[in-house]
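One structure below.
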Amino acid sequence: MAHPQLHLIATDPKVDIKVNMGDGPATPTAGYAGYETVDRVRRKALTSFVGVQPFQQDVPVLLDGFRENRSVQRTLDLLMSLGGGTIFKAFGPIHNEGDRYVFGAEPDFGDVIRAEDGTLVRQRLTLKLMEYVAPDQAGRACQQ
C-alpha cells in the first residue's frame with residue numbers, strides 16, 4: 001500500500017519534491033486567535049484579544065530507501081535547501097493544503113538507519129511548516 005505523500009514546490013531555488021508522510025498526521029502548533037490574561041498590579045486581571053499568528057504545523061515525514069538499499073541523502077539535501085526563508089507551496093494530507101509556507105524552524109530529526117557502508121537509507125523527521133504572510137497582506141490586516 002502506498003504511503004500518503006507531502007508534495008513541496010518552490011521556484012527559487014527550483015524544487016519539486018514528494019516525500020512519504022511519517023507516523024501520525026500533521027499537527028497544528030500555532031495560528032489561532034484568542035484571548036489572554038493581562039495582569040495588572042493590585043487589580044483584577046484584564047482579558048485581552050490576541051490577533052492571529054501565522055498558522056504553523058508539524059508534519060512528520062519518512063525518507064525511506066531501506067528495502068532497496070538506496071541512499072536518501074539527496075532527498076534530505078533537497079528538503080534542507082528549502083530552509084533560510086524559501087517560500088514554497090505544500091500539498092498532501094496537511095492543514096491548509098496549497099497555501100504558501102516557509103520552514104518556521106529547523107526540522108526535528110528522528111530515527112536514522114544507515115547501511116553497513118554508512119549510506120543513509122532511512123531518516124524520520126518532522127518538518128516545521130509556517131504559513132507565509134506577505135508584508136502587503138500584514139499591512140492590510142493592520143489597517144482594517
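All values derive from a computational prediction rather than experimental measurement. All values below come from the heavy atoms of this structure, side chains included, with hydrogens, waters and symmetry mates left out.
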Smallest separation among heavy atoms of [X] and [Y], with atom names:
X    : Y    : result
S81  : V15  : OG-CG2, 3.7 Å
H95  : P28  : NE2-CD, 3.4 Å
G110 : Q123 : O-NE2, 3.5 Å
G98  : K89  : O-CD, 3.8 Å

Going by the rule salt bridge (Lys or Arg N to Asp or Glu O under 4.0 Å), which residues pair with E116 if we only count those two or more places apart in sequence or in a different chain?
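Not a single residue meets the salt bridge (Lys or Arg N to Asp or Glu O under 4.0 Å) criterion with E116.
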
With sequence neighbours excluded, tell me which residues meet side-chain hydrogen bond (donor to acceptor under 3.5 Å, both in side chains) with Q53.
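None.
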
[Y] reachable from [X] in the ILVMFWY side-chain graph, under 4.5 Å edges:
X    : Y    : result
L127 : M130 : no
L76  : V121 : no
F109 : M21  : yes

Can D64 and H3 be counted as having a side-chain donor-acceptor contact under 3.5 angstrom?
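No.
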
Do E97 side-chain atoms and G92 backbone N/O form a donor-acceptor pair below 3.5 Å?
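Side chain of E97 to backbone of G92: a pair is present.
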
Residue pair [X] / [Y], side-chain heavy-atom distance below 4.5 Å:
X    : Y    : value
T126 : V59  : no
L129 : F55  : no
Q57  : Y101 : yes
L82  : L8   : yes

Less than 6.0 angstrom separating the ring centers of F103 and F88, yes or no?
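Under 6.0 Å, so yes.
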
Gap separating the CE atom of M80 from the OG1 atom of T86, nearest 0.5 angstrom:
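The distance works out to 11.0 Å.
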
Separation between CG of L125 and CG of L62, rounded to the nearest 0.5 Å
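Reported value, rounded in 0.5 Å steps: 9.0 Å.
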
One thing to verify: whether K128 and D58 come together as a salt bridge, which I'm taking to mean a side-chain N less than 4.0 angstrom from a carboxylate O.
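Salt bridge present between D58 and K128.
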
